[in-house]
Colleague: 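Quick one: the structure is below, and I'll ask about it shortly.
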Amino acid sequence: MRADAFAKINLGLRVGSRREDGYHPVHGFFQSIGWSDRIWLEFCDEDVAETDSGDEILAGLGNFAWRAAVAVRDAAGSDRAMGLRLRKEIPVAAGLGGGSADAAAALGLAGLLFGVPSSDLENLAAGIGSDVPFCLRGGLALVEGRGEIVHPRRPAGGYTVGIVVPPIELATPAVFDRWDELGEPRGREIAASTLPPSRRGEESPANDLYPAAVSLSPALDDWRAEIEERWSRPVHMSGSGPALYGFFVDRDEAVEAVAIAPVGARAAHAAEPVWQGWSALGDETTDE
Ligand code: C5P
């Protein structure tokens, strides 16, 4: 079986003081977008996990997906061997939730394979990572707690996001640590008039982690300023960064915008909101 695992962007992220368990309470809208990895999972003779690029999954990339599949197998009380393959498209360590999306899709596929009900998958999700509960459900949701409280919202689209990933890698724990050290700064407020109509009645897309990300990597602010200049609109950071995005009501305009992203970006992509976090694609006769 195979599935697509969709990236997410944060339409604003408010952060509260670190809790006793080491996590920070968050409050923000998460939106799945049409930029996806693909995962294959099936029974095999022995456990194998690999990426298309040949990387050993257990050593790093995709580790989340494998851990998720194993958690489901354990919950099912099975010891059947399985094979997992991952094709990465979503940039890693970018603030786009790629690893969490892979884990959510792996939970979903393993749930189908081992006959584990979705309510059990939800319980396993938070144990894999803070963004996995959202990715399991996907679409648009208000997310709270450390990420495990997901309040689904009705689809509200009508825009395309232009996304640029600067050539910077930011580790989420380091960004949260710096946010503490900086004295819990607030993200910059954005004028509602610059947002697509479906986002105007909502909270500002201010991201409290932005000052911390810039403190760790000052070049990020230069990238933001340069992209704002080229796109003539505010540009926002997703998650703990460094992915930057802007809203476009017109899809063609978003496609043109990513084509004029500054040279040297890790990736640039135009994507629409999607209304699921992962989608099973059923059986296949070919690899694609
Ligand atoms: O849950 P996850 O493994 O994705 O979190 C990675 C790290 O990011 C945590 O160990 C913590 O340092 C930080 N984090 C946080 N508050 C959150 C989510 C993550 O401080 N809500």
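These numbers come from a predicted model, not from an experiment. Note that ligands are numbered from 1 as they come in the structure, with each ligand's atoms numbered from 1 the same way. Excluded from the calculations below are hydrogen atoms, water molecules and symmetry mates; all remaining heavy atoms, backbone and side chain alike, are included.
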Colleague: So, 4.0 Å and heavy atoms of Gly147: is ligand 1 close enough to count as a contact?
Modeller: no

Colleague: Number the atoms of ligand 1 from 1 as they appear, then name those within less than 4.0 Å of a heavy atom of Thr172, with their elements.
Modeller: 8 (O)

Colleague: Provide the number and element of each atom of ligand 1 under 4.0 Å from a heavy atom of Val26.
Modeller: 21 (N)

Colleague: By the definition side chain to side chain contact (heavy atoms under 4.5 Å, CB included), identify the one residue from Leu84, Ile39, Val72 that meets it with Leu109.
Modeller: Ile39

Colleague: Which protein non-hydrogen atom lies closest to atom 13 (C) of ligand 1, naming both residue and atom, and how far is it?
Modeller: Phe176 CD1, 3.5 Å

Colleague: If you count the atoms of ligand 1 from 1 in the order shown, which ones are under 4.0 Å from a heavy atom of Gly22?
Modeller: 20 (O)

Colleague: Assess whether atom CZ of Arg154 is packed by more than 12 heavy atoms of other residues, nucleotides or ligands within 6.0 Å.
Modeller: no

Colleague: Determine whether the side chain, the backbone, both or neither of Tyr23 has a heavy atom under 4.0 Å from any heavy atom of ligand 1.
Modeller: both

Colleague: Before signing off on this row, confirm whether Arg146 and ligand 1 have an N or O atom pair separated by under 3.5 Å.
Modeller: yes

Colleague: Examine Ser130 against ligand 1 and note whether any of their N/O atoms are separated by less than 3.5 Å.
Modeller: yes

Colleague: Considering non-hydrogen atoms of the protein only, which is the closest contact for atom 21 (N) of ligand 1, and what is the distance?
Modeller: His24 O, 2.8 Å

Colleague: Can a cation-pi geometry be assigned to Arg85 and Trp40, taking NZ or CZ under 6.0 Å from the six-membered ring centre and within 45° of the ring axis?
Modeller: yes

Colleague: Nearest heavy-atom pair of Ile163 and Ile33: which atoms, and what distance?
Modeller: CD1-CD1, 3.4 Å

Colleague: Taking the side chain from Ser238 and the backbone from Asn10, do they hold a donor-acceptor pair closer than 3.5 Å?
Modeller: yes

Colleague: Tell me the protein heavy atom at minimum distance from atom 6 (C) of ligand 1, and give that distance in Å.
Modeller: Pro173 CG, 4.3 Å

Colleague: Using 30° and 60° as the class limits, which term best fits the ring planes of His236 and Phe247: parallel, tilted or perpendicular?
Modeller: tilted

Colleague: If hydrogens are left out, which of Ala126, Ala171, Ser240, Gly129 has an atom nearest to atom 3 (O) of ligand 1, that is, the closest non-hydrogen atom?
Modeller: Gly129

Colleague: Just wondering, are more than 12 heavy atoms of other shown residues or ligands nearer than 6.0 Å to CD in Glu46?
Modeller: no

Colleague: Applying side chain to side chain donor-acceptor pair (under 3.5 Å) between Asp208 and each of Arg188, His24, Arg186, report the one that passes.
Modeller: Arg186

Colleague: If I apply the N/O under 3.5 Å rule, does Arg18 come out as touching ligand 1?
Modeller: no

